[in-house]
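The structure presented is a predicted model; accordingly, all values stated were derived computationally and were not measured.
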Amino acid sequence: MVGERVQHRPFDLPLLLHLCLLHLGDSGQPHLTPLSPVEEAVSIQGVRGNSVELDCGSGPAPLVVLWSFTPLGSLVPRPVAVTDGTSSKVEAGASALGVVSLRNSSLVLGDLQEGARGHFLCQALHVSDAQLHTTYFYLTLAVLVPVSKPQVQLSDPSPVEGASAVATCVVREGTEPVTFTWRHQTPRGPGETRLGVTEPLLWLDPVDRTHLGWYVCSASNAVNRLSSDGVFLDVIYGPEKPVITVEPLGFTEEGFWASEKEEVTLSCMAASNPPSHYVWLRDDAQVHTGPTYVIASAGRTHTGLYTCLAHNTHLDIRTQTTVQLTIYYPPAGQPSCAVLPILGAVTLLCAWPGGLPTAQLRWEGPQKTGPTAPSNVTWSHAAVGLPNGSVFTCTSQHPALALPTLCRVKIWEPPKSPICWTTATVGDQFIMLSCEWPGGEPPAVLRWLDRQQQPLGSASSSLAIHLLQAQGDLAGKEFTCQGSHPLRTPDPYCRLQLEAPHLAVAESRVSVLEGEEAWLECVLQEGTPPAQLLWLSPQQQQVEPGTSGFVLHPSGAQLRLQIRDADPVHHRGTYQCVARNAVGNSSQSVLLEVLSERGAVCCGYPAPPNVTIRRLTYGRHRREVQLQWAIEGPGNLTSFLVQRRASGSGPGSGAWETAASDIDPESRGWRLGGLDPGVLYAFRILALNHHTAGYPSEVKTPVDPPFNAYPAVLGAAGTGMVVATVVSLLVFQYAARHPRTFPYTESPTTPSLDPAQESPDAPVNVTITVTATP
């Protein structure tokens, strides 16, 4: 039925030829239509080898399009291609036309062939007013052939002056009409001259010396224009024996020599009238025509036998002279120096291959001179006693160079020692042991060893990497990276031990009020290779970045989990922080308690009484606070919960965190330590009845305790008395041992003027005043 789409089977071209003449009647059954409209024939040109597109008229897209082709001189159409808009088919025999394809209803012929000349018919089946109508579109295709590259053929390439010659421009193919033009270039003329000949034959009758030169023929048609290669017409007379001169002048036993990159001029002169045709040969291969051959920059390939050949074609007389030219050139680039480590020594390598003749190389060290050799020289030097930073020089000399060429190598010890580290591949399938000891010349040699000092893999320079299959029994195993360098004794090394990760959590139990933020903190303490940290929810689901209500804050070896708008139904439970690496894993649990908001009854427990803070003072050095509180009103309670909040701008600052929990319900005071003196804290306290929390107390910040002068004064006075007693005892002891130093009193009954008669045991009056400052 019209408008219904059915599955298509492969096209049957004869059936489609008849189908294009059918339409739907009133009953819905197809029958023949009256004469369908016929378009006028359209002429199209295409170029062989190119692409051409044949359009099947304009208008709405037809249901079916059938293309057929009638060759020139034939009346039988041949099917080419058919399409119904969704599928298409191209007849196998259509390849004679080119590469056939359909683009909508248009026929595209790629790589157009000459066999496509002829008539094309496009039959299109349309639906109009519930009837099928067929439209015919005729096209006549002309295939144009480009002209081939012309070739110039001379009847006599070296005619005698006065004779006749014909130049023929040969074109193998091309669509007529073909137009020809001729150009002539003399050897010493200002440029090409266009000849007034448009035919394929160029007659030169008679030939004279002005006809000498190159001839080029151009052929063109409606498609393209091509020119031939130039052909030389030579009109010459016989020569004498040539004489060759070389500049700059340099002699060898075989002939002449010149240095590389010099300009070398070879000149040949042979008397002749008219002038001879000169041909230069190098090792029997033609390299130049003319009396002078200039090598702008002599190279190694210019060495050889050079022959100057003078030829008179009229007399058929040939004369020639041959000389030997040798080009001296140094090796390419620069000499290369290298140093290799061997047991107890270093091997110095210097190479500069190539050149004519070969370069002479010589090693020179800080203590002595090494060997000399052409192209390549090796010197094995003992490492014992060799100072760090020793420089060795390789001197290269060549006759083509005015100055010697040098290359140097510096023997130096790599700094510090090897560094070891380990990483795991994606998925923890392999553990990569890495060891690096950069620097040094020669580079240090590194090798991985197991616990039994057996090598793992092969040694390498500067960086050593070894892969281990990840498995649990690697935990605790130790691996050593041993480095060696000729200037370092003993061999340095570094070690690493594979360990499963170990974790620690800031708090194993965290309590927050409903609707507030909760922070769970997990720190990786150790683990080799580095471990991956993650959090698991109470449902044992990994908390991914972007999970609703959760925010991960990674920072180095720390991973903090922020839980927003805490909900006792969804968020309460045990969270696990898990650390995993390639050799094992570990986990720590944190219990999160979400207390009911604002004293609401939860889980059948009534609200506890409210709490007020009576006193909040700093302790010693502000690293602890003393908190005292009181309860107000009736209610049952099972414990108290103290929360604190720190000021700051980092993740988690400003959020309430548990400072103390499970405080005995009979307690009314608590000492809180572990504070940072540089951080300002705020505190609040809540009463708990199981999972039901009372209203939080007012928020307070701690203050310094009031100053009490009485204890200070008593302390100072006591300290002064102790000091005074100690000083008095010291003074009496000193006075007893040195009686002449202190003043004394005379006896009132028996005065005497003789000091010797004075009693050494006479009493001494000493007054000591002690002042205690509070």
Side-chain angles (χ1 to χ4, degrees), residues 338-349 378-390 392 409-503 524-532 556-557 579-586:
V339 57
L340 300 176
I342 59 176
L343 185 62
V346 291
T347 298
L348 302 168
L349 306 177
T378 302
W379 187 16
S380 181
H381 193 286
V384 178
L386 190 63
N388 187 22
S390 298
F392 291 83
V409 61
K410 182 179 180 180
I411 311 297
W412 58 284
E413 178 185 345
K416 300 181 180 179
S417 296
I419 300 175
C420 298
W421 73 95
T422 178
T423 55
T425 61
V426 177
D428 289 339
Q429 295 181 353
F430 295 94
I431 299 174
M432 185 165 61
L433 305 178
S434 302
C435 178
E436 186 179 22
W437 193 16
E441 185 64 33
V445 177
L446 301 173
R447 181 189 300 272
W448 277 103
L449 307 175
D450 60 12
R451 181 176 295 180
Q452 290 74 32
Q453 300 300 303
Q454 296 299 315
L456 301 175
S458 59
S460 59
S461 298
S462 299
L463 178 64
I465 296 177
H466 182 71
L467 288 179
L468 295 174
Q469 182 76 37
Q471 49 192 6
D473 60 356
L474 291 177
K477 289 190 176 181
E478 189 177 81
F479 298 90
T480 302
C481 176
Q482 186 178 53
S484 62
H485 191 272
L487 301 183
R488 174 74 72 90
T489 53
D491 293 338
Y493 62 89
C494 62
R495 289 193 177 97
L496 58 84
Q497 186 174 5
L498 302 182
E499 292 290 348
H502 294 280
L503 288 174
L524 178 65
Q525 294 181 330
E526 60 183 23
T528 305
Q532 176 191 8
R580 298 172 180 169
N581 66 6
V583 297
N585 57 73
S586 64

[X] [atom1] to [Y] [atom2] distance, which is reported to the nearest 0.5 Å:
X	Y	atom1	atom2	result
Asp491	Leu446	CG	CG	10.5 Å
His485	Asn388	NE2	CG	8.0 Å
Ile465	Thr423	CD1	OG1	8.0 Å
Leu433	Thr422	CG	OG1	5.0 Å
Ser434	Trp448	OG	CH2	7.5 Å
Gln454	Thr480	CD	OG1	12.0 Å

Between Glu478 and Arg495, is there a side-chain N and carboxylate O pair less than 4.0 Å apart?
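Arg495 and Glu478: salt-bridged.
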Could you tell me which non-hydrogen atom of [X] sits nearest to which non-hydrogen atom of [Y], and how far apart they are?
X	Y	answer
Gln482	Leu449	OE1-CD1, 3.8 Å
Leu463	Glu436	CD1-CB, 3.9 Å
Val583	Glu499	CG2-O, 3.3 Å
Val445	Ala459	CG1-CB, 3.6 Å
Met432	Leu467	CB-CD2, 3.7 Å
Asn585	Pro501	CA-CG, 3.9 Å

Does the gap between the ring centers of Phe479 and His466 come in under 6.0 Å?
no
Is there a side-chain contact between [X] and [Y] (heavy atoms, below 4.5 Å)?
X	Y	result
Leu386	Leu487	yes
Thr528	Gln497	no
Leu498	Pro529	yes

Just grab all the salt bridge (Lys or Arg N to Asp or Glu O under 4.0 Å) pairs involving residues 412-422, residues at least two apart or on different chains.
Glu413-Arg488
Thr425 side chain to Phe430 main-chain N or O, any donor-acceptor pair under 3.5 Å?
yes
With respect to His381, which candidate in Thr347, Val346, Ile411, Val339 satisfies the side chain to side chain contact (heavy atoms under 4.5 Å, CB included) definition?
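Of all the options given, the one that passes is Val346.
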Sort and list the pairs that fulfil disulfide bond (SG atoms under 2.5 Å apart) and have at least one residue in residues 426-469, not counting sequence neighbours.
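Only Cys435-Cys481 qualify under disulfide bond (SG atoms under 2.5 Å apart).
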